[in-house]
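Some notes on the structure that comes next.
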Amino acid sequence: MQISPSVRAAMVPDENVMHPDFTSIYLVGAPGGQSLTIDSGEAIERYQWFLRGYLAATEHAEIGVATITHHHADHSGNLKWAKEFLDAEISIPEGGRRLLKGRIPRKVNQLADGDVLDMGGGVRLQVLATPGHSVDSLCYYLEDEGVLFTGDTLLGSSTTTVGNLGDYRRSLERLLELPNLRVICPGHGKVVNDPRERLQMYVDHRNLREQQILAALKGGEQLSSWEIMLRVYGDSIDTRLRRAADGNVRSHLDQLREEGRITEYEGKPKRARSKRAVEREHEHERERDRILREAKRIRAARSREEIRRQENPPSEQWSKPPLYELA
């Protein structure tokens, strides 16, 4: 999908309730020049096949650089694959090595607020640090074409989850001040063609949610974040989103506590499991991972065998095949 003269989107249909409509991989670069990808999808073959098919069908340029908006696996899962199969340089948020352990090649570049990615042909992406959804969230801004890439800081079809609400509110205000903003390319969901209105809607939504949480506490009861979440959200969300909603409520409660507007009473955690129980669980996880790797290996071997069968004569059927000549 063409977004602007220098921006294309490979929009992968997604059925995950947390990723409505699409998970998108964006390609940025002047036509005929070297391109950059923003985000890479999960480390599953569907994303790899989709991107390789898109590149083969529509792109006439190499992928020079693969970047991400933040460390979450549905955005960073294919960085090693991009290095191995696309020979792309890998760029990650500054300080992201620990967060991306096991998902990146040994050599990576690190991007900080204020950096500029120059793709040639006048295509220059500004790197903006926008923490809130995650501690390492970045946005990328192609100011000349008015295109902002937001990852999960702003989604195309829903609101997002928030880790640190104070940081998140400051990030939204920063994005609202960008000049020449025309379109937002989110990590999930539809492209946003009313960017300032949508950003303001996110600001207003957080303010409304804060008022709803304070209203839930006005009765004088001591409530858990889960109980507040049920009162605020009710039946308005898919039950599979309740944990995410509870996380957002807790981010509001953290900020309200820091501002001295609510009192928090310390909870009592469950007794820690024994070292042996933890080791058994880790062993179980390792065994499941081993089985999944073996299943993947068997599928790949079966696929190779099917290709060989198509390339060679059916020797399993004939010790001597029929022969033919003109009558």
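All values below were derived from every heavy atom in this structure, side-chain atoms included, with hydrogens, water molecules and symmetry-related copies excluded.
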Quiz item: Looking at side-chain heavy atoms only, is the closest gap between Pro93 and Leu111 below 4.5 Å?
Solution: no

Practice problem: Please report the closest heavy-atom contact between Ala244 and Thr161, naming both atoms and the distance. | Solution: CB-CG2, 3.7 Å

Quiz prompt | Minimum heavy-atom distance Ser251-Gly163, with the two atoms named | solution = CB-O, 3.7 Å

Self-check item: Test item: side-chain donor near acceptor, Gln255 and Arg169, under 3.5 Å
Solution: yes

Exercise. Kindly give the heavy-atom pair with the smallest separation between Val192 and Gly156, and that separation in Å.
Key: CG2-CA, 4.0 Å

Exercise. Kindly give the heavy-atom pair with the smallest separation between Gly189 and Pro186, and that separation in Å.
Key: O-CG, 3.8 Å

Quiz item: Quick one: do the Arg103 and His71 side chains pair a donor with an acceptor below 3.5 Å?
Solution: no

Quiz item: Salt bridge between Glu285 and Arg288, side-chain N to carboxylate O under 4.0 Å?
Solution: yes

Exercise. May I ask you to test the Met229-Val232 pair for a side-chain heavy-atom distance under 4.5 Å?
Key: no

Practice problem: Report yes if some heavy atom in the side chain of Trp226 is under 4.5 Å from a heavy atom in the side chain of Arg242; otherwise report no. | Solution: yes

Quiz prompt | Salt bridge Arg308-Glu305, side-chain N to carboxylate O under 4.0 Å | solution = yes

Quiz item: Step by step, would you call Asp74 with His188 a side chain to side chain contact (heavy atoms under 4.5 Å, CB included)?
Solution: CA-CA 10 Å; Asp74 54 319; His188 307 286; 3.0 Å; yes

Quiz item: Gln211 and Asn207: side-chain donor and acceptor closer than 3.5 Å?
Solution: no

Practice problem: With the side chain counted from C-beta on, respond yes when Leu154 and Arg198 share a heavy-atom pair under 4.5 Å apart, and no when they do not. | Solution: yes

Practice problem: Check for a donor-acceptor pair, side chain of Ser91 on one end and backbone N or O of Val108 on the other, with a separation under 3.5 Å. | Solution: no

Quiz item: Considering only heavy atoms from C-beta outward, does the side chain of Arg304 approach that of Ile307 to under 4.5 Å?
Solution: no

Exercise. Measure the CG-CG distance between Leu148 and Asn180 for me, rounded to the nearest 0.5 Å.
Key: 11.5 Å

Quiz item: To the nearest 0.5 Å, how far apart are CG in Leu128 and CG in Leu178?
Solution: 6.0 Å

Quiz item: Does Glu287 have any side chain to side chain donor-acceptor pair (under 3.5 Å) partners at least two apart in sequence or in another chain, and if so, which?
Solution: Arg290

Quiz item: Where the side chain of Ser24 meets the backbone of Ala9, is there a donor-acceptor pair that is under 3.5 Å apart?
Solution: no

Quiz prompt | Check: Ile25 and Phe50 side chains under 4.5 Å, non-hydrogen atoms | solution = no

Self-check item: Sidechain-backbone polar pair: Ser303 side chain, Arg299 backbone, donor-acceptor under 3.5 Å
Solution: no

Quiz item: So how far is it from Glu227 CD to Leu217 CG, rounded to the nearest 0.5 Å?
Solution: 10.5 Å

Quiz item: OH/Tyr26 to CE/Met1 distance, rounded to the nearest 0.5 angstrom?
Solution: 8.5 Å

Quiz prompt | SB check Asp167 Arg170 (cutoff 4.0 Å) | solution = yes

Exercise. Taking Ser40 for its side chain and His75 for its backbone only, find out whether a donor-acceptor pair lies under 3.5 Å.
Key: yes

Quiz item: Sub-3.5 Å donor-acceptor pair from the side chain of Thr150 to the main-chain atoms of Thr153, do we have one?
Solution: no

Practice problem: Kindly determine whether Val7 and Leu27 satisfy side chain to side chain contact (heavy atoms under 4.5 Å, CB included), including the steps that lead there. | Solution: CA-CA 6 Å; Val7 178; Leu27 296 98; over 6 Å; no

Quiz item: Can a salt bridge be assigned to the pair Arg261 and Glu210 using a cut-off of 4.0 Å between side-chain N and carboxylate O?
Solution: yes

Quiz item: Under a single-linkage definition using a 4.5 Å side-chain heavy-atom cutoff for Ile, Leu, Val, Met, Phe, Trp and Tyr, are Leu99 and Tyr168 assigned to the same hydrophobic cluster?
Solution: no

Self-check item: Test log, rule side chain to side chain donor-acceptor pair (under 3.5 Å), inputs Thr159 and Arg209
Solution: CA-CA 12 Å; Thr159 55; Arg209 192 66 78 211; 5.9 Å; no

Self-check item: Pair Ile104-Arg97, side chain to side chain contact (heavy atoms under 4.5 Å, CB included): steps then yes or no
Solution: CA-CA 8 Å; Ile104 53 175; Arg97 282 188 175 275; 4.2 Å; yes

Quiz item: Which pair of heavy atoms, one from Ser6 and one from Val123, lies closest together, and at what distance?
Solution: OG-CG2, 3.4 Å

Quiz item: Distance only, no hydrogens: is a donor on one side chain within 3.5 Å (strictly under) of an acceptor on the other, for Thr160 and Asp152?
Solution: no

Quiz item: Applying the 4.5 Å side-chain criterion to the ILVMFWY set and letting contacts propagate, would Leu208 and Leu230 be lumped into a single cluster?
Solution: no

Self-check item: Name of the residue among Ile3, Val28, Ile184, Asp39 meeting side-chain contact (heavy atoms from CB on, under 4.5 Å) with Phe149
Solution: Val28

Practice problem: Show your reasoning for whether side chain to side chain contact (heavy atoms under 4.5 Å, CB included) applies to Leu79 and Ile92. | Solution: CA-CA 10 Å; Leu79 289 178; Ile92 65 173; 4.2 Å; yes

Quiz item: To the nearest 0.5 Å, what is the distance between CD (Glu264) and CG (Leu256)?
Solution: 11.5 Å

Exercise. Please round to the nearest 0.5 Å and tell me the distance separating atom CD1 of Ile68 and atom OG of Ser137.
Key: 10.0 Å

Self-check item: Partners meeting ring pair (Phe, Tyr, Trp, His ring centres under 6.0 Å) with His72 (sequence neighbours left out)
Solution: His70, His133

Practice problem: Name all pairs fulfilling the side chain to side chain donor-acceptor pair (under 3.5 Å) condition that reach into residues 106-132, sequence neighbours left out, sorted by first residue then second. | Solution: Glu89-Asn109, Asp113-Arg174, Asp118-Arg124, Gln126-Glu143

Quiz item: So, for Leu175 and Cys139, which heavy atoms are closest and what is the spacing to 0.1 Å?
Solution: CD1-SG, 4.2 Å

Quiz item: Counting distance only, does the side-chain N/O of Asn164 pair as donor-acceptor with the main-chain N or O of Ser134 below 3.5 Å?
Solution: no

Quiz item: Is a side-chain donor or acceptor of Glu84 paired with a backbone partner of Trp81 at a separation under 3.5 angstrom?
Solution: no

Quiz item: Does the side chain of Asn248 come under 3.5 Å of the side chain of Arg250 through a donor N or O and an acceptor N or O?
Solution: no

Quiz item: Does the pair Glu283 and Arg286 meet the rule for a salt bridge (charged side-chain N to carboxylate O under 4.0 Å, His left out), with working shown?
Solution: CA-CA 5 Å; Glu283 180 59 33; Arg286 286 193 291 270; 2.9 Å; yes

Quiz item: Under a 4.0 Å N-O cut-off, is there an ion pair linking Glu221 with Arg231?
Solution: yes

Self-check item: Sidechain-backbone polar pair: Tyr140 side chain, Thr67 backbone, donor-acceptor under 3.5 Å
Solution: no

Quiz item: Just wondering, are more than 12 heavy atoms of other shown residues or ligands nearer than 6.0 Å to CZ in Arg243?
Solution: no

Exercise. Kindly say whether Leu155 contributes a backbone atom to a donor-acceptor pair with the side chain of Tyr202 at under 3.5 angstrom?
Key: yes

Exercise. State whether Glu294 and Arg297 are salt-bridged, where the test is any N-O pair (Lys NZ or Arg NE/NH1/NH2 against Asp/Glu carboxylate O) under 4.0 Å.
Key: yes

Practice problem: Compute whether any side-chain donor of one residue and acceptor of the other, for Ser225 and Asp246, lie under 3.5 angstrom apart. | Solution: yes

Self-check item: Donor-acceptor under 3.5 Å (Tyr141 side chain, Pro179 main chain)
Solution: yes

Quiz item: Is it the case that Gln48 and Asn78 place a side-chain donor and acceptor less than 3.5 Å from each other?
Solution: yes

